[in-house]
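Since the structure comes first, as structure tokens, the remarks are kept for the end.
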Amino acid sequence: MTIGEGESLKLDSGASLNTGEYTLKVDGGTLTGDVTGTVIYKVTGVSLNKTSTELTVGQSETLTATITPDNATNKNVTWSSDNQNVATVDANGNVTAVGAGTAQITVTTADGSFTDTCQVTINAATVSVTGVTLDKAELTLTEGNSEALVATITPDNAANKTVTWTSSNPSVATVNNGEVTAVSAGTAAITVTTEDGSFTAECIVTVRGDVPDRPVNIPDTHEIELISGEGGEAKTNFSNAGAGAEITVTATPDAGYELAYITVNGERISGVSFTMPDHDVTVRVYFSGGALPFADVDKGAWYYDAVSYVYANGLMDGVSASEFAPEANMTRAMFWTILARIDGEEIFGTSWAEDARAWAMESGVSDGTDPNCLVTREQFAAMLHRYAGEPAVSGSLSAYTDAASVSEWATDAMLWATQNGIITGTTAATLAPQGTATRAQAAAMLMRFAER
């Protein structure tokens, strides 16, 4: 811009004229003469879009600075934080939350050093609940008494520690904010549930009637007898409990063993927990694996796996502590005992033969005759077939040259057993239905039957 002789220039208030060597400042006046220069509009202030803001660790927000006047020539600014451990700010006003606390973000103009500030509050990041425990797994109270349960949330710095309390049987025990009140004799499960994640913990409450000197093992609870088989140890969460209580078995196998299964009063259960019935129970824990104790069962024998299976699953024992007698024959009573054990019956002790015979007759597996006679292969098949519910079969045994020697009453059973791989021929073409079954053969047929 050039002003000639006799011309005039009027500058806005706050503007200046810079000739390169000096600046002529005119506050709303008139300048005359030959002057060449640039009009510069000075900054008069700066303001932020927020005076305060709130973030959570890890979040970001951009602050906006407004320079006045709007036509100011130099709008450059710098940003700073007075506590970078809490919040940082970059050259564009982007604020990042670093840690919990407060920080002041300041914007400063390059022209005139005008400033404005924003107070930033940073909240700690939300920590989720990972679990909950109770200070007691079981509790015994007398009618009318109360006791508080304490719930512990993990981790300790979890953001939401809200929980709810429920009772499975309020007629026995109620719960209010962890305070358990005994109402009437019986058992109830008190459950605490986290609002964040719905984690739960449980306490079994047994309420006794208001009877002086009443024993701990009151009539409303029942005994739990635990028997742990070879290959490990086991324990239950209660030694006695009332009907409806959740019983959990914790099994610890020895090296080389693993948990096979658990029975309750002879009934095989799924998993490691069951609901306590309204009577005493016997819990038996079976382990599998490890070395067999029988010197007459070689690892290379064709029947080794079968003997391991029946022994680990409690179906067959040795004839002594160190002998299985794989080539010895089996009596009908021995086979009834094995089938009864498969069915969940506890057949042990000196009366095993009589107990097995009674079970066989009651279940329809056998008529109970000749308990001491050796069991034949076709009798073995027939009793297994009856135990399985006598499933229908079709086809014939014509592939075997001795099919005609199969008794008429055993034909369907032998056909079923061969078709299901339970019984194989003694050779490729012979069944030997009248031959006696050795203990090794019986072990193999039982394993095939159980795993079919």
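Only heavy atoms go into these numbers, but all of them, side chains included; no hydrogens, no water, no symmetry mates.
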Any donor-acceptor pair under 3.5 Å linking the side chain of [X] with the backbone of [Y]?
X: T376; Y: Q379; answer: yes
X: D402; Y: T430; answer: no
X: Q59; Y: T56; answer: yes
X: T162; Y: E195; answer: no

No-hydrogen, no-angle side-chain donor-acceptor test under 3.5 Å, [X] and [Y]:
X: T282; Y: E225; value: yes
X: Q104; Y: N83; value: no
X: T206; Y: T187; value: no
X: N94; Y: T62; value: yes
X: D196; Y: T194; value: no

I'd like to know whether CG of N176 has more than 12 heavy-atom contacts from other residues, nucleotides or ligands below 6.0 angstrom.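 Counting neighbours around CG of N176, 12 or fewer heavy atoms of other residues, nucleotides or ligands fall under 6.0 Å, so no.
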
May I ask you to check whether over 12 heavy atoms, not counting those of N157, lie within 6.0 Å of atom CG?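 More than 12 within 6.0 Å, yes.
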
Quick one: does [X]'s side chain get under 4.5 Å of [Y]'s, heavy atoms only?
X: T53; Y: C118; value: yes
X: L139; Y: C203; value: yes
X: S167; Y: T174; value: no
X: N177; Y: W165; value: yes
X: M330; Y: I338; value: yes
X: D82; Y: T106; value: no
X: I190; Y: E202; value: no
X: E147; Y: V180; value: no

Do [Y] and [X] meet the salt-bridge criterion of a basic N to acidic O distance under 4.0 Å?
X: E61; Y: K50; value: yes
X: R357; Y: D367; value: no
X: R284; Y: E346; value: yes

Only distances under 3.5 Å count here; give the side-chain donor-acceptor pairs of residues 431-447 to other protein atoms, sequence neighbours excluded, each with its distance to 0.1 Å.
from	atom 1	to	atom 2	distance (Å)
Q434	NE2	E378	OE1	3.2
Q434	NE2	E378	OE2	3.1
Q434	NE2	S405	O	2.8
T436	OG1	N329	OD1	3.0
T438	OG1	Q441	N	3.0
R439	NE	F324	O	2.7
R439	NE	A325	O	3.4
R439	NH2	D317	O	2.7
R439	NH2	F324	O	3.0
Q441	OE1	T438	N	3.0

Identify which one of Y387, F449, W359, F380 satisfies the ring pair (Phe, Tyr, Trp, His ring centres under 6.0 Å) criterion when paired with F335.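 When Y387, F449, W359, F380 are each tested with F335, the ring pair (Phe, Tyr, Trp, His ring centres under 6.0 Å) holds only for F380.
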
With side chain to side chain contact (heavy atoms under 4.5 Å, CB included) as the test, would you mind laying out the steps for N123 and L55 before giving the verdict? CA-CA 6 Å; N123 298 316; L55 298 173; over 6 Å; no

Roughly how far, to the nearest 0.5 Å, is CG of L48 from CG of L63?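 It is 6.0 Å, given to the nearest 0.5 Å.
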
Run the numbers on W336 and T331 for side chain to side chain contact (heavy atoms under 4.5 Å, CB included), then give the verdict. CA-CA 9 Å; W336 296 338; T331 65; over 6 Å; no

Who pairs with S273 by side chain to side chain donor-acceptor pair (under 3.5 Å), at least two apart in sequence or on another chain?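 Expected list: T248.
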
Look at the rings of H385 and W416 and say which category their plane angle falls in: under 30° parallel, 30 to 60° tilted, over 60° perpendicular.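 Tilted: the ring planes of H385 and W416 meet at 30° to 60°.
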
